[in-house]
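Here's the structure we're looking at; comments come further down.
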Amino acid sequence: MKQNTHYNIDNDLRYLNLLSQSFPSVAAASTEIINLEAILNLPKGTEHFLADLHGEYQAFRHILKNASGNIKRKVNELFGSEIRESEKKELCTLIYYPEEKIELVKASDEDIDDWYHITIHQLVRICRDVSSKYTHSKVRKSLPPDFSYIIEELLHERSDDSNKTAYVKVIVDTIISTGRADDFIIALCNVIQRLAIDQLHILGDIYDRGEGAHIILDTLQRYHSWDIQWGNHDILWMGASAGNNACICNVLRLSLRYANLTALEEGYGINLVPLATFAMETYADDPCTEFLPKLLKGTDMDEKTRLLTAKMHKAIAVLQFKEEARLFKLHPEWNMTERCMFNTVDFNRGVCTINGNEYAMTSCSFPTIDPANPDRLTPEEELLMDKLHHTFAVSEKLHKHISILLSHGCMYAIYNSNLLFHASVPLNDDGTLKDVELYNGQKYSGRELMQQIGMLVRSAFASDTEKEEHDNAVDYFLYLWCGKDSPLFDKSKMATFERYFLTDSDTFKEEKGNYFKLRDNEDVCDGILDAFGVTGSNRHIINGHVPVHASKGENPIKAGGKLMVIDGGFSEAYHKETGIAGYTLVYHSRGFQLVQHEPFNSTQDAILRGIDIKSTTQIVEMSAHRMLVADTDKGVELRAQINDLKKLLYAYRHGYIKEKR
């Protein structure tokens, strides 16, 4: 440090005294400054962006394992023409699924020891490459305790060093001779997966459609570093967990619509017997044609189960529309009372009146509806709702997973000049930020709106929230799910009722909000980025929510590169519509790569036949120089720490604080 450096540290003494507890001497503070300055000059860690997983846990776990092709790229760069393409393919499969692949190799390879030798050396080489952008300390923390010392030795010693050749060979020989080769290879593969991605960003919608949302959250719980920006489907399940009956009905309806009850029953222990019993009794003679489930590929369902599912589907849909109407009337500030749809039906004539126009109903079989008071629950429906509410309230695993979403997420995030959110930012017709009323007449827009919603969501789960605020927060989950100005919905209406009960498809239309109409405008995107305080010469908005119709020529890169839409398209329900299985995004030290995926076959195919997800990589934006930690948000944080440590050195050397020797 320069001798003429001077700090006015009188105002910082309290903080510096606290800092001295961690760095009690000039030597300790100096060493940490050297360490942090060195970290600033390491390459930027790789960020991985995924969105709209929708319960498709097999595709999610595969993309997590292959880092959207990042590991395959590393293998190709390292080995080039040294080994055959088939061998590179086998090596990648081993890294993705080490336990399963080893068993296959042992069953077919006659010289397993030779395979062990070759494979361990290859994996060490890959591991050395993916670990090169991290400090030894960070790499050490990622290593499994059983093999930490051995892996460190192999990573930092080269077999082509004549002085260490025998040393490295003996290590590998001993791993094999002691019967630890399988465990060691598995450990190395897991470390490679761990170090290939530094930070995982999920832009919402883990839940619904697919069968494994609970498996995805179990996987994320073990993942080293990740964040989530809540999506509308996540909020729906959060609302159900918080006790919002309308959200509970929506969750059940969506699961029944896709004949997918695995997450509910096996994942969270939700008891559907009361609903099945009620549906069989109430709709015994109703074919419930409009409610027959949408069967996705691979779904095996006999006719009897299909008909029962349809009856349960209709029963919960009717209950949902009643529960929604209760909240719409309770909260006139939402301006959604026109969505009390049963109030628009003439049950004698079988027509529904919307905006002064009459539309024919597909059917008018509603045994639980009193035309004079169509939104009132029957005693049987009230009892059913109480039972459903209870089964969600006592699901420990659901509450655990919602806690994970709360601890890792919020409505938006800003990372390295990238603004992340799931769906939209409400806008006026001219592209300016729109004021949205939350409660008590208070209105917010843009960043403040997102922050206030985030706090409101958390207050629904906080034990010290006052009852009125708590009840309002629980109710608001429904608005976030389907409200016109919700940042997670942003459409004119959710036409669920119309799709079930009206014959005229014109009534199905849901007009998108201004964000979706204007998001290809660079000035609008710049205005949003400014409002959120996002700085940097290469700043972006990254979100999902709306599938990109690649088959129709839609480009996921919008507003001259300032906006990237990466709806993962994992859900099979979207594949025919979009023509692909969506996009993921990789942001490494060289720049952005957008990866377009074809549908994932199965984990079994990936293991047995080495079939990876077919992906096409598009270079979105490359940096003129390799980005370093110094160029990131972490770099800003580290420079602040360095400045504080330099102040501490000054305090030690000028007698403000005594060293603790």
Side-chain angles (χ1 to χ4, degrees), residues 52-57 204-217 230-242 244-268 270-272 275-276 279 288 290-296 299 301 306 308-324 339 341 385 388-389 391-392 395 398 401-402 405 422-423 477-483 486 488-489 491 493-501 508 510 545-547 567-574 577:
D52 300 89
L53 308 177
H54 285 303
E56 299 290 348
Y57 71 95
D205 278 2
I206 289 174
Y207 281 98
D208 290 329
R209 297 194 177 93
E211 63 183 5
H214 58 295
I215 300 174
I216 291 174
L217 279 158
W230 304 321
N232 52 320
H233 289 268
D234 306 315
I235 281 289
L236 185 65
W237 280 73
M238 292 165 80
S241 176
N244 184 309
N245 286 345
C247 290
I248 289 172
C249 293
N250 269 285
V251 162
L252 294 171
R253 180 184 60 78
L254 283 168
S255 298
L256 289 160
R257 183 184 183 192
Y258 291 96
N260 174 24
L261 305 178
T262 305
L264 282 169
E265 295 182 311
E266 297 178 18
Y268 297 122
I270 301 300
N271 182 12
L272 297 180
L275 175 59
C288 300
E290 307 94 328
F291 294 89
L292 289 170
K294 296 179 181 292
L295 299 182
L296 300 178
T299 303
M301 179 177 283
R306 189 164 175 255
L308 172 59
T309 302
K311 295 179 191 301
M312 294 169 68
H313 187 182
K314 181 169 185 177
I316 202 64
V318 171
L319 197 53
Q320 171 194 314
F321 296 132
K322 290 185 176 184
E323 288 287 355
E324 287 179 346
R339 297 304 298 166
M341 296 306 296
M385 195 68 253
L388 294 175
H389 184 103
T391 193
F392 274 83
S395 174
L398 176 59
H401 282 174
I402 297 306
L405 292 181
H422 175 66
F477 282 106
L478 179 63
Y479 187 84
L480 287 173
W481 166 245
C482 62
S486 164
L488 297 177
F489 183 64
K491 293 181 184 178
K493 65 179 181 181
M494 186 176 284
T496 308
F497 180 93
E498 289 88 336
R499 293 178 187 277
Y500 283 135
F501 294 122
F508 303 170
E510 302 169 344
H545 185 61
V546 180
D567 184 325
F570 286 79
S571 175
E572 183 196 330
Y574 290 141
E577 182 182 351

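Bear in mind the structure is a predicted one, so any value in this text is a computation, not a measurement.
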How many angstroms lie between NE2 in His401 and CD1 in Ile216, if you round to the nearest 0.5 Å? 10.5 Å
Heavy-atom closest contact (Met238 atom, Trp230 atom, distance): CE-CE2, 3.9 Å
Would you mind reporting whether Leu261 and Leu256 have side-chain heavy atoms less than 4.5 Å apart? yes
Apply side chain to side chain donor-acceptor pair (under 3.5 Å) to residues Gln320 and Asn250 and explain how you reach the verdict. CA-CA 6 Å; Gln320 171 194 314; Asn250 269 285; 3.2 Å; yes
Decide yes or no for Leu217 and His214: does some side-chain heavy atom of the first lie under 4.5 Å from some side-chain heavy atom of the second? no
Identify the two heavy atoms, one from Trp481 and one from His233, that lie closest to each other, and give their separation to 0.1 Å. CH2-CE1, 3.6 Å
Looking at Ala495 and Arg339, what are the two nearest heavy atoms and their distance? CA-NH2, 4.0 Å
To the nearest 0.5 Å, what is the distance between NZ (Lys314) and CG (Leu292)? 11.5 Å
Kindly indicate, with the supporting measurements, whether the criterion side chain to side chain contact (heavy atoms under 4.5 Å, CB included) is fulfilled by Glu211 and Tyr57. CA-CA 8 Å; Glu211 63 183 5; Tyr57 71 95; 3.8 Å; yes
CG/Leu53 to CG/Asp208 distance, rounded to the nearest 0.5 angstrom? 12.0 Å
If you measure from NE2 on His54 to OH on Tyr258, what distance do you get to the nearest 0.5 Å? 9.0 Å
Heavy-atom pair of closest approach, residues Ala240 and Cys247: N-CB, 3.6 Å
Give the intermediate values and the outcome of ring-ring contact (aromatic ring centres under 6.0 Å, His included) for residues Phe508 and Tyr500. CA-CA 10 Å; Phe508 303 170; Tyr500 283 135; over 10 Å; no
Could you check if a side-chain atom of Met385 sits within less than 4.5 angstrom of a side-chain atom of Ile248, using non-hydrogen atoms only? yes
Considering only heavy atoms from C-beta outward, does the side chain of Asp234 approach that of Leu488 to under 4.5 Å? no
Distance in Å, Phe392 CZ paired with Leu252 CG, rounded so as to fall on 0.5 Å steps: 4.5 Å
Student check: side-chain heavy atoms of Arg499 and Glu510 closer than 4.5 Å: yes
Kindly indicate, with the supporting measurements, whether the criterion side chain to side chain contact (heavy atoms under 4.5 Å, CB included) is fulfilled by Asn232 and Leu480. CA-CA 7 Å; Asn232 52 320; Leu480 287 173; over 6 Å; no
Check against side chain to side chain donor-acceptor pair (under 3.5 Å), His389 and Asn245: CA-CA 7 Å; His389 184 103; Asn245 286 345; 2.7 Å; yes
Let me see the working for Leu254 and Leu236 under side chain to side chain contact (heavy atoms under 4.5 Å, CB included), right down to the final yes or no. CA-CA 11 Å; Leu254 283 168; Leu236 185 65; 3.8 Å; yes
Do Ile316 and Leu388 have side chains that get closer than 4.5 Å, going by heavy atoms? yes
Can you name the closest pair of heavy atoms from Arg253 and Ala317 and give their distance? CD-CB, 4.1 Å
For a quick test of reading the model, state the closest non-hydrogen atom pair linking His422 to Gly204 and the distance between them. ND1-CA, 3.8 Å
According to the interplanar angle, ranging from 0 to 90°, do the rings of Tyr207 and Trp237 count as parallel (below 30°), tilted (30 to 60°) or perpendicular (above 60°)? parallel
Evaluate the side-chain proximity of Ile270 to Val251: yes if any heavy-atom separation is below 4.5 Å, no if none is. no
Might you work through the side chain to side chain contact (heavy atoms under 4.5 Å, CB included) test for Phe291 and Val318, ending with a clear yes or no? CA-CA 11 Å; Phe291 294 89; Val318 171; 5.8 Å; no
Does any non-hydrogen side-chain atom of Glu290 lie less than 4.5 Å from one of His313? no
Rounded to the nearest 0.5 angstrom, the SG-NZ distance for Cys249 and Lys322 is 11.0 Å
